[in-house]
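Computed from a prediction, not measured in an experiment: that's the story for all the values here. In listed order, ligands and their atoms are each counted from 1.
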Amino acid sequence: MTEITVTLPDGSARRMPAGTTPGAVAAAISPRLAKAAIAAAVDDRLVDLSAPLQFDARVRVITSDSPEALHVYRHSTAHLLAAAVTHLFPGAQCGIGPATDEGFFYDFVVDRPFVPEDLDAIEKKMKELAAQDLPYERQMWSRDEAIQFFSQHDEPLKVQLIEEKTAGQSEVSCYTIKDRETFVDFCVGPHVPSAGRLKAFKLLTTSNAYWKGDSKNQPMQRIYGTAFFNEKELQAHLQRIEEAKKRDHRKVGKDIGLFTFHPWAPGATFWLDKGTTLYNTLANYMREVLFPAGYVELKTPLVFNKSLWETSGHWEHYRENMFLVQGRDGEEMGMKAMNCPGHMLVFGSEMRSYKDLPLRFHEQTPLHRNEASGVLTGLTRVRQFSQDDAHCFVTDDQIASEVEALLRLVQRVYGDFGLAYEAKLSTRPAEFLGEVATWDNAEAGLKKALDAAGQAYTINDGDGAFYGPKIDFDITDAIGRKWQCATVQLDYQMPQRFGLKYVGADNAEHCPVVIHRAIFGSFERFIALLIEHYAGAFPLWLAPVQVAILPIADRHLPHTQAVREKLTAAGLHVQLDARQEKIGYKIREAQLQKIPYMLVAGDREAAEGTVAVRHRVTGDLGSRSVDEFISAALAEIRNKHVPEPVSA
Ligand SMILES: [Zn+2]
Ligand SMILES: [Zn+2]
């Protein structure tokens, strides 16, 4: 009998008969590993536990601890979902069913949209199939047989997939659950060995979908679900989903009156008065941070002749994402989708010397991107937005120190919001412009800056843009979700495209390097993050209404009006609730609006010239003079991020 050598991750090797399987390898190591095994990586390729091994190979058994495991597990659950749907809805056609970062989905063609009761029934059927521990089996069918089988079974989409994906192959990979009568799918795998391995799953929602995601194609119904290795993790995930729903910025933003949308301006926000106050607080905060750091602020045009976009390269590569406008003399114009090309023109508008560098242009004017209407979502996918954008023009020698200063700015800003974050350095991709030596130099500069700023980071090898390496920041919000916000992007290309020059110390002309950077990212998205992170309960310095003044009766109005004037003069955002409502009702409403402080005034306060202070979390704080309250509030605002006190 022929033997092969199986090399395990610890470097040890075993002789096994040719034709053995990763499942058998796992069993030979330990019964426990065999039981925990889900799939295997053979020479780094993911395969089923039953895939025969014919040649010497490196074999790593995939268990729930392996990074790839959840993906295989969830995709296997998607097959189980499709099996249940085809049982309960004869005639349902199957599309595709991939795993996602959050779970899995499967698309179907059905006669009518699924309703919540359908999901309950489908989930019940999935549990039945799992309880029977039906095996998943890979079968190689001849291509013709597979095409014939799926066309006879009224699965034209599968036929189309086979025709597109396996041209030139004689055999195609299909998977059954139990047997081809029970369920069969065209798929390359791998999957769990049997349905009994799928222990904790839940169907979540349905949505409209289209074959291949294109609205010109066959409409489909998508079922979303999620799966985990055990019930505890599943329940924790479901709780996070509930928490995320409660914090959804679209809901909270409406409840506390920050913004609205109208179908006549898709993807463009109407900032209401409170939202505008919040927006301006952030905009001015960023100015306070950037001006002392040597930035200047610009306002550049919103609409440019296409010559600008041709020079920047956007006309060729990005035009379908831009709003195009025609000038009255017929000139083709494009609304700006980013500030950089305009900043290149400003740099080039004067003779620049090395003594002017670094030159740092900051701009907050609106940008437009022509996103498909189907993907527009609240404040996170919009067509009109503004960035806390800046472009730093530097010499090669200044890259490391400029990036270090930038990293310190990011640290300071996220600290002021109490946000946790991680940094990632993305390096030279396979396809890149420029010299390898320049890239190496730039990457070394970024690493030096990260170390000097004491910034921990991970490396995303080969993930840089084609024109330069970058550092991205992921914020983790209060419920553990990641948001990509700040970015620091080195760019050698755009200054060259615009022919930018500065006169160096050597009296010769040089081309500057530009660093594109944003700390919030877009204001819109950052505000969405803040709403969801704080669940609408902004710290005092950000709260659009910081103080609610609540007179108990009409006769207390003169006193409370005087209090309002004093607070407003001190720069506080104040709301006076002069309605003839019971004080308990007014307090509850202010609480719902997540207003940090409530100042209640009745006979005693009016007589003494004081206010009774309540905090939205800690409740009654007792009587204070108005001046005392103002100075305490201003101190809290100066301190920025203050962890929310825990209710007694
Ligand atoms: Zn599959
Ligand atoms: Zn830029």
S.K.: Applying ring-ring contact (aromatic ring centres under 6.0 Å, His included) between F393 and each of Y502, Y492, F361, report the one that passes.
M.R.: F361

S.K.: When you measure from the Zn ion (ligand 2) to each N, O or S atom of H516, which atom gives the shortest distance?
M.R.: ND1

S.K.: Need the atom name: nearest N/O/S atom of H391 to the Zn ion (ligand 2).
M.R.: NE2

S.K.: Below 30° counts as parallel, above 60° as perpendicular, anything between as tilted: where do the rings of F520 and F523 land?
M.R.: perpendicular

S.K.: So, 2.8 Å as the limit: is an N/O/S atom of H343 located closer than that to the Zn ion (ligand 2)?
M.R.: no

S.K.: Which residue in the set R45, R74, R60 passes salt bridge (Lys or Arg N to Asp or Glu O under 4.0 Å) when paired with E68?
M.R.: R60

S.K.: Hey, can you tell me if H516 and Y467 have their rings parallel, tilted or perpendicular (30° and 60° cut-offs)?
M.R.: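 Tilted, since the angle between the ring planes falls between 30° and 60°.
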
S.K.: Rounded to the nearest 10 degrees, what's the angle NE2 of H75 makes with NE2 of H191 at the Zn ion (ligand 1)? Could you check?
M.R.: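 An angle of 100° at the metal.
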
